[in-house]
Amino acid sequence: MPPRGLPLVIVVVSTLAAGCANGPGPATSTPTPVSPTPVVAASPVPLAAHLDGEEMSIEFDPSSERALDDTQTEWRAEEPTLGQQPGWSDGRDTVYLPITDGDVGLAATPSRGRVVTSGSPMLSRAGSSISFRELVVDLDTSRITGTVDGRPLDVFDLDLSPAHVEHPPSLPPMIVDVSGRPSDDAVREIADHLGPGLSADQMRVDVEMRLRTS
């Protein structure tokens, strides 16, 4: 406190939020309000989709097609007279099988899950044949499994490194760029049924799956 008898002086300092160059006072312009940046929610991508239809194609690549021709081996869907199995072939090197079930993660690269098919593609030569039944594409283990004469085996080992999902306009999504070759067990079964002459490298295939999801 100051000595008794001297006036008490109080200094008040105020801070202005805005001012002008000529001194303190009200702002000469009103600040433009800034709207917050809108947050746009991304459309959710399903982690897994249940399958209820469409088809899978298994096509021999051009060099393998020539190897089949050289050994007079045909790759086709099973004849209706051999059991009324679904599926069809183009008469050359491609077999198409209906997809009946499965669950696939379309958001992952490469896709994960499994695809169940019906039908029995077959290789035939000189009156002998071998049918691959109950084919299931297991994307988690990179293989196509099935049975031959009721015995389970790995039919194709798959390379999924270039595989990806395409979304054609107005069509179901497709998993494309999947390549494969017969497993060692499948090569032995083919030789037992048809005779020698085809190695795994001579039976390379390309696989595509058109997926109808529920």
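In what follows, residues are counted from 1 in the order of the sequence shown.
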Residues which pass salt bridge (Lys or Arg N to Asp or Glu O under 4.0 Å) with R66, listed by chain and number, not counting sequence neighbours = none
side-chain contact (heavy atoms from CB on, under 4.5 Å) between D157 and D184, intermediate numbers included | CA-CA 9 Å; D157 296 322; D184 293 341; over 6 Å; no
Any sub-3.5 Å donor-acceptor pair from H164's side-chain atoms to P110's backbone N or O?
-> no
Trace of the side-chain contact (heavy atoms from CB on, under 4.5 Å) decision for L211 with E54 | CA-CA 5 Å; L211 312 172; E54 292 299 329; 5.7 Å; no
Quick one: pull up OG in S57 and CE in M174 and give me the separation to the nearest 0.5 Å.
-> 7.0 Å
Return the orientation label for the F60 and W75 ring planes: parallel under 30°, perpendicular over 60°, tilted otherwise.
-> perpendicular
Can you sort out the partners of T100 under side chain to side chain contact (heavy atoms under 4.5 Å, CB included), two or more places apart, ordered by chain and number?
-> V116, S118
With side chains defined as the heavy atoms from C-beta onward, is the minimum distance between H193 and V148 less than 4.5 Å?
-> yes
Determine the minimum heavy-atom distance between L123 and T73, stating which atoms define it.
-> CD2-CG2, 3.9 Å
Does a side-chain heavy-atom distance below 4.5 Å link V187 with M203?
-> yes
Check side chain to side chain contact (heavy atoms under 4.5 Å, CB included) between V165 and all other residues, then give those that pass, not counting sequence neighbours.
-> L106, S111, H167, P173, I175
Below 4.5 Å, heavy atoms only, C-beta onward: do V176 and D206 meet side chain to side chain?
-> no
Atom pair OG1 (T109) and CG (L160), whose distance is rounded to the nearest 0.5 Å | 11.0 Å
If every non-hydrogen atom of M56 is compared with every non-hydrogen atom of T117, which pair is closest and at what distance?
-> CE-CG2, 3.6 Å
Would you say R212's side chain and D52's backbone share a donor-acceptor pair under 3.5 angstrom?
-> yes
What are the two closest heavy atoms between G197 and Q202, and how far apart are they?
-> O-OE1, 3.3 Å
Please assess M209 against V104 for the test side-chain contact (heavy atoms from CB on, under 4.5 Å), listing each intermediate value before the final yes or no.
-> CA-CA 11 Å; M209 288 161 277; V104 173; over 6 Å; no
Identify the two heavy atoms, one from V155 and one from G146, that lie closest to each other, and give their separation to 0.1 Å.
-> CG2-N, 3.8 Å
Considering residues at least two apart in sequence or located in another chain, which fulfil the side chain to side chain donor-acceptor pair (under 3.5 Å) criterion with E189?
-> R151
Say whether, by atom type as modelled, one donor and one acceptor occur between the side chain of S183 and the main chain of D154 under 3.5 angstrom.
-> yes
What one should report as the nearest heavy-atom pair of Q72 and R125 is O-CG, 3.4 Å
Compare every heavy atom of S120 with every heavy atom of S131, then report the nearest pair and how far apart it is.
-> CB-CB, 4.5 Å
Under the side chain to side chain donor-acceptor pair (under 3.5 Å) rule, collect the residues that match up with S128, sequence neighbours excluded.
-> none
Residues two or more places apart in sequence or in another chain: which of them pass side chain to side chain contact (heavy atoms under 4.5 Å, CB included) with R204?
-> D61, S64, R181, D201
Distance from D101 atom CG to R114 atom CZ, nearest 0.5 Å?
-> 7.5 Å
Flag side-chain contact, heavy atom, 4.5 Å: T213 against L51 | yes
So, the side chain of T147 versus the backbone of E134: is there a donor-acceptor pair under 3.5 Å, distance only?
-> no
Residue pair L158, I144: steps toward the side-chain contact (heavy atoms from CB on, under 4.5 Å) verdict = CA-CA 7 Å; L158 301 178; I144 295 178; 3.9 Å; yes
Compare all side-chain heavy atoms of F132 with those of I190 and state whether any distance is below 4.5 angstrom.
-> yes
OG1-CG distance between T145 and L153, expressed to the nearest 0.5 angstrom = 8.5 Å
Check ion pair R112-D140 (N to O, under 4.0 angstrom) | yes
